[in-house]
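Right, one structure below, let's go through it.
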Amino acid sequence: MCTSAACNSAVEERELLPTNVTPTHYDLFLAPDLDSLTYSGRVSIKLRINEPTDKIVLHANELEVKDVHIASAALGLDAPLKASAVALEKDDETLHLSFAQQIPSDTEATLTISFGSVLNDLMVGFYRSAYTDAQGGTKYMATTQFEPTDARRAFPCWDEPMQKATFDITLRVKEELVALSNMDVAKTESVGDGLKEVSFSTTPIMSTYLLAFVVGELEYIEAETSGKYNGRPIPCRVYTTPGKSEKGRFALDVTVKVLEYYADVFGIAYPLPKLDQIAINDFEAGAMENWGLITYREVALLVDEANTSSRAKQQVAYVVSHELAHQWFGNLVTMEWWSELWLNEGFATWVGTLAVDHVFPEYHIWTQFLVDEFQRALALDALRSSHPIQVPVRRSSEISQIFDAISYSKGGSAIRMLSSYIGLDSFFKGIRAYLQKHKYANASTANLWSALSDASGADVTKFMALWTQTIGYPILTVTEAADGAKLHVRQNRYLSAGEATEEEDQTLWWVPLGIVTSETKSQNSSGVLTAREADFDVSVSAAKWYKLNKDTVGIYRVKYPASAVANLADAISAGQLDINDRIGIIADSASLASSGHSNTSDFLTLLRAYDKETEFVVWQEIVLRIDALQSVWASAPEEVKANLQTLSRKLFSPLVARLGWESTSKSEDSLVSRLRALAIRGAGMSGDKTVVDEANRRFSAFFGGDKSVFTTDTLRTAFAVAVRNGGRDEFEKVKSYYLDAENPVDQKLAALSCLGFTTDPALVDELLEFALSDKVRNQDVHQAIVAISTYGAHRERLWKWYRDSYDQLVTRYRASMNYMGILVRLSIGEFIGDAKADEIAAYFSDKNTSKFQRVIDQSLEKIRSNTAWYEKDKDDVTEWFVQNTL
């Protein structure tokens with residue numbers, strides 16, 4: 001058994017820089033040249049000397065170091081001491097400096113390094129981003145991406161979260177360019193030759209990964225917050241390349257509201273004098289929370305009110321809220337090491353959702369959280385190759401692999417479960433105390449649990465440590481007492497591959513049961529399971545139905561007796577269960593079928609209870625489960641696959657008939673609009689001739705000039721249906737839409753992702769070649785290939801492309817190898833067959849995959865578990881269709 005004490009006993013080994021010196025302040029000068037795509041720089045670093053030393057080691061990566069010297073009054077020299085040896089260690093990404101004289105301890109020194117490098121095209125460090133100007137020419141901006149460990153690519157530094165310091169930044173740029181950094185401009189000075197030097201105010205003490213600077217031809221829109229909770233209005237700007245700034249209006253409006261909301265709930269004013277946000281064309285991450293200068297992909301910040309889909313618009317609101325949360329949780333208080341990444345990302349996932357719900361209650365985003373975050377986390381964490389929320393990180397090469405659904409989605413789900421249990425008032429009381437105590441410093445998960453324990457009066461550490469320090473989550477097996485007065489609940493570790501072994505099943509989680517019945521459905525039982533199994537007083541015989549995990553808050557699956565499932569199905573049909581519970585029930589049923597804890601026929605039977613379902617998010621979950629079933633059954637006999645298509649039509653065609661193709665009004669609920677698109681996709685992709693014909697008619701009209709035939713939400717769906725059921729003509733038209741720079745970026749990417757739905761092998765080959773051309777940005781290659789594996793016959797083609805392109809891909813993404821993980825997941829994840837898994841494992845066996853090995857392991861495990869699911873239930877599904885007329 002892994003108790004909290006046992007979990008805490010494990011000491012993590014970390015490869016850190018020597019502690020003989022500590023940086024306290026950086027004075028950084030950079031001169032980027034957007035014509036030669038190079039830059040030169042100089043950094044002067046104030047050091048505290050902790051022990052006598054004549055050697056200094058700091059981080060540097062792919063920099064040309066030109067001159068190094070150190071000055072200290074303790075040296076008694078008239079001039080700075082030049083380094084006697086300078087060595088760059090490529091593998092460790094470190095710069096080793098030696099000096100002829102030892103510097104005494106308990107003194108101060110200033111280390112000055114001159115250096116230079118290229119503005120790379122790797123989307124990390126100090127890099128270049130290309131865009132097209134109004135005349136069709138290619139222009140560049142210089143921008144940064146330092147998280148997790150790429151500040152060292154821009155300048156020599158101590159590139160670890162705990163090595164906090166203050167920064168003075170000066171940028172020498174052309175007079176006509178805009179220069180931005182974390183802080184406000186302190187001084188601008190012309191220096192001749194058409195250049196100016198822009199100096200920024202000194203930053204608060206902060207980690208290197210949060211530093212940022214951007215140079216380019218930029219325009220902006222601006223607004224101020226109300227100042228109600230920040231004590232003063234905060235000037236906020238959204239920057240873009242020329243001609244796009246008004247598309248930042250929606251994000252700006254969200255910003256001014258959310259920034260004040262956070263100041264209120266966190267109890268601390270936003271600490272910087274301004275907040276800038278900027279859309280970057282080439283950007284590998286979705287967004288980056290640099291303190292005071294947040295960078296985004298265009299699709300994550302810009303909204304074309306007339307043409308952007310409601311899905312993309314909502315995502316902008318969420319991403320902005322997520323990044324703003326980091327200004328406190330991550331920036332003001334920073335994790336002490338990357339093993340605590342979830343403190344940043346899990347909390348921002350949860351509170352970002354809370355903020356969107358505050359500003360846009362009509363989004364019902366907490367319900368969407370169940371599908372977008374909660375179920376995503378449970379799917380990944382059901383693998384043996386998952387990892388704990390708090391994952392040991394030894395070296396920098398391991399860090400990028402934990403920016404995943406465990407750190408973000410399971411972390412956010414754990415916060416949701418905890419805040420629900422202790423109450424929001426107690427939770428935020430603890431958060432405010434945590435932030436106040438650790439502001440401008442570093443903190444750990446233990447510090448957070450301590451603050452929440454003090455605020456709530458509950459021993460949060462005792463029951464939450466297991467959730468963050470151990471892998472996985474439980475399945476609760478429920479049985480009913482003969483007298484109908486009790487429920488017996490047993491917990492075991494849940495695995496998608498089937499039953500856990502005794503060795504794997506040692507953890508006993510703290511599990512809030514949330515038991516409700518038809519008679520007490522407005523009450524949430526406070527029962528908690530902490531042992532392997534226990535009895536709970538529930539009047540089963542007096543209720544028509546009962547359910548565990550009210551509102552689907554607890555991180556676990558539930559297996560009920562067959563009679564209880566039937567009763568829940570009746571309750572769903574009768575409209576007696578809330579939306580979150582309907583989502584949780586169907587998700588659990590599908591998951592238990594795939595893992596072998598029940599039969600797939602049980603899931604198919606339960607689906608019938610949802611024939612009157614009206615809510616988009618419930619249907620979203622159903623679609624994900626139907627898609628997974630059809631993907632695994634891709635090699636089944638044609639008759640079975642045809643039956644699955646018929647089932648899909650039976651589910652979605654009535655929805656299309658009810659909702660139609662047109663919005664009912666300009667004020668139509670965005671979730672209704674998204675449900676319409678989902679229904680058209682479900683019916684069209686399963687061969688509903690009426691829907692396909694209408695999609696093709698509208699498709700032709702759209703490309704004939706009538707843009708009104710699609711809503712912003714049905715455009716993507718219709719493109720997918722047209723490409724799947726069409727040929728070259730449809731493929732080329734969708735491709736042309738993607739290539740048209742005038743179209744909204746979210747819809748362009750939607751078009752790109754739809755190209756993979758073609759059933760023509762020749763077009764797939766063309767698409768795979770196109771994906772690596774200069775027409776697709778490096779950050780968007782996954783969009784080009786994402787749909788290919790949905791057509792079983794093309795999976796081998798995609799896998800061959802990955803193998804043939806492997807060296808090219810490694811070269812392209814050598815600085816962001818987590819993207820290699822994204823591509824490998826898409827290229828192999830839908831295969832079925834143990835032999836195929838063996839073949840893939842053999843292919844990677846002689847390759848250096850250390851920076852994305854976790855994704856390979858997870859993909860192989862998924863292949864094997866899906867293979868087991870198919871072998872177990874292929875006859876079960878066939879028989880279900882024999883017994884049930886569609």
Side-chain angles (χ1 to χ4, degrees), residues 13-31 40-117 125 146 149-170 199 202-211 334 336-337 395-396 440-442:
E13 293 185 9
R14 302 172 183 173
E15 292 184 358
L16 302 175
L17 292 173
T19 57
N20 56 335
V21 302
T22 301
T24 59
H25 178 77
Y26 294 77
D27 194 335
L28 177 62
F29 170 86
L30 294 167
S40 59
R42 181 184 65 253
V43 63
S44 294
I45 311 170
K46 290 184 179 179
L47 302 175
R48 184 172 62 248
I49 310 302
N50 301 319
E51 56 189 70
T53 187
D54 59 0
K55 291 180 172 56
I56 293 175
V57 181
L58 65 163
H59 287 114
N61 189 14
E62 298 191 9
L63 298 174
E64 180 187 357
V65 177
K66 300 176 181 178
D67 182 68
V68 180
H69 58 265
I70 196 164
S72 173
L75 290 172
L77 300 175
D78 294 333
L81 180 64
K82 190 175 179 66
S84 58
V86 177
L88 282 164
E89 295 291 338
K90 182 178 178 181
D91 291 343
D92 295 335
E93 301 177 354
T94 52
L95 174 61
H96 294 248
L97 308 175
S98 298
F99 298 91
Q101 189 172 334
Q102 193 173 74
I103 311 167
S105 63
D106 301 319
T107 62
E108 293 184 346
T110 299
L111 174 68
T112 300
I113 305 173
S114 297
F115 58 94
S117 189
F146 291 164
T149 57
D150 284 304
R152 65 191 69 174
R153 284 183 183 272
F155 64 101
C157 58
W158 277 256
D159 201 12
E160 295 167 356
M162 285 194 70
Q163 298 285 5
K164 286 192 167 187
T166 54
F167 295 81
D168 282 325
I169 306 296
T170 299
S199 299
T202 305
T203 71
I205 187 169
M206 60 186 286
S207 302
T208 50
Y209 80 90
L210 296 168
L211 202 65
T334 309
E336 63 178 19
W337 180 240
R395 57 177 64 91
S396 59
Y440 302 110
N442 298 83

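Count residues from 1 along the sequence. Computation of the quantities below employed the complete heavy-atom set of this structure, encompassing side-chain atoms and omitting hydrogens, waters and symmetry-equivalent molecules. All figures in this text were calculated on a predicted structure; none of them were measured in a lab.
Heavy-atom minimum distance, Val43 versus Phe115: N-CE2, 3.8 Å. The two residues Leu88 and Ala60 have their closest heavy-atom pair at CD2-CB, 3.8 Å. Here the closest non-hydrogen pair linking Gly41 and Leu30 is CA-CD2, 4.1 Å.
Proximity of a side-chain donor or acceptor of Glu108 to a complementary backbone N or O of Ile49 within less than 3.5 Å is not detected. Looking at Asp54, its side chain never comes within 3.5 Å of a backbone N or O of Ile103 through a donor-acceptor pair. Without hydrogens or angle criteria, Ser40 side chain to Gly116 main chain gives no donor-acceptor distance under 3.5 Å. Within the 3.5 Å criterion, the main-chain N or O of Leu16 finds no donor-acceptor partner in the side chain of Glu160. Counting only distance, with no hydrogens or angles, the side chain of Thr149 and the backbone of Ser396 share no donor-acceptor pair below 3.5 Å. Between the Lys164 side chain and the Ala441 main chain, a donor and an acceptor come within less than 3.5 Å of each other.
The pair Arg395-Glu93 does not meet the salt-bridge criterion, since no charged nitrogen lies less than 4.0 angstrom from a carboxylate oxygen.
A 4.5 Å side-chain heavy-atom check between Leu81 and Ile70 finds at least one atom pair inside the cut-off. Residues Ser84 and Ser98 form a side-chain contact, since some pair of their non-hydrogen atoms from C-beta on lies under 4.5 Å apart. By the 4.5 Å heavy-atom criterion applied to side chains, Leu47 and Thr22 are not counted as neighbours. No side-chain heavy atom of Met162 sits under 4.5 Å from any side-chain heavy atom of Trp337. Between Asp106 and Glu51, the closest side-chain pair of non-hydrogen atoms is not below 4.5 Å. A heavy-atom distance below 4.5 Å is found between the side chains of Leu58 and Leu97. Using a 4.5 Å heavy-atom cutoff, the side chains of Val65 and Ile113 are in contact. With contacts defined as side-chain heavy-atom distances shorter than 4.5 Å, the pair Glu62/Arg152 does not qualify.
Lys46 meets the salt bridge (charged side-chain N to carboxylate O under 4.0 Å, His left out) test with no other residue; sequence neighbours excluded. Applying the side chain to side chain contact (heavy atoms under 4.5 Å, CB included) rule to Thr170 yields the partners Phe29, Glu197, Ser199; only residues at least two apart in sequence or on another chain are considered. Listed by chain and residue number, Arg42, Ser44, His69, Thr110 satisfy the side chain to side chain contact (heavy atoms under 4.5 Å, CB included) test with Thr112 (two or more places apart in sequence, or in another chain). Take Asp67 and apply the salt bridge (charged side-chain N to carboxylate O under 4.0 Å, His left out) test, not counting sequence neighbours, and it matches Lys82.
In summary, of the residues considered (Ile56, Val86, Leu63, Val57), a side-chain contact (heavy atoms from CB on, under 4.5 Å) with Leu95 occurs for Val86 alone.
One distance of note links OG1 of Thr203 with CD1 of Ile169; it measures 7.5 Å at 0.5 Å rounding. Phe99 contributes atom CZ, which lies 11.0 Å from atom OG of Ser72 (distance to the nearest 0.5 angstrom). The structure places OG1 of Thr107 at 11.0 Å from CZ of Arg48, a figure rounded to the nearest 0.5 Å.
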Q: Output, in order, the C-alpha distance, side-chain angles, deciding distance and verdict of side-chain contact (heavy atoms from CB on, under 4.5 Å) for Val21 and Trp158.
A: CA-CA 10 Å; Val21 302; Trp158 277 256; 3.5 Å; yes
Q.
Determine whether His25 and Thr202 satisfy the following criterion, side-chain contact (heavy atoms from CB on, under 4.5 Å), listing intermediate values before the conclusion.
A. CA-CA 9 Å; His25 178 77; Thr202 305; 4.1 Å; yes
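Ring geometry, Tyr26 versus Phe155: the interplanar angle exceeds 60°, so the pair is classed perpendicular (tilted spans 30 to 60°).
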Could you give the side-chain donor-acceptor pairs of residues 204-211 under 3.5 Å, partners two or more places apart or in another chain?
| unit_1 | atom_1 | unit_2 | atom_2 | d |
| --- | --- | --- | --- | --- |
| Ser207 | OG | Pro161 | O | 2.7 |
| Thr208 | OG1 | Asp159 | OD1 | 2.6 |
| Tyr209 | OH | Asn344 | ND2 | 3.0 |

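For residues 17-31, no pair satisfies salt bridge (charged side-chain N to carboxylate O under 4.0 Å, His left out), with sequence neighbours left out.
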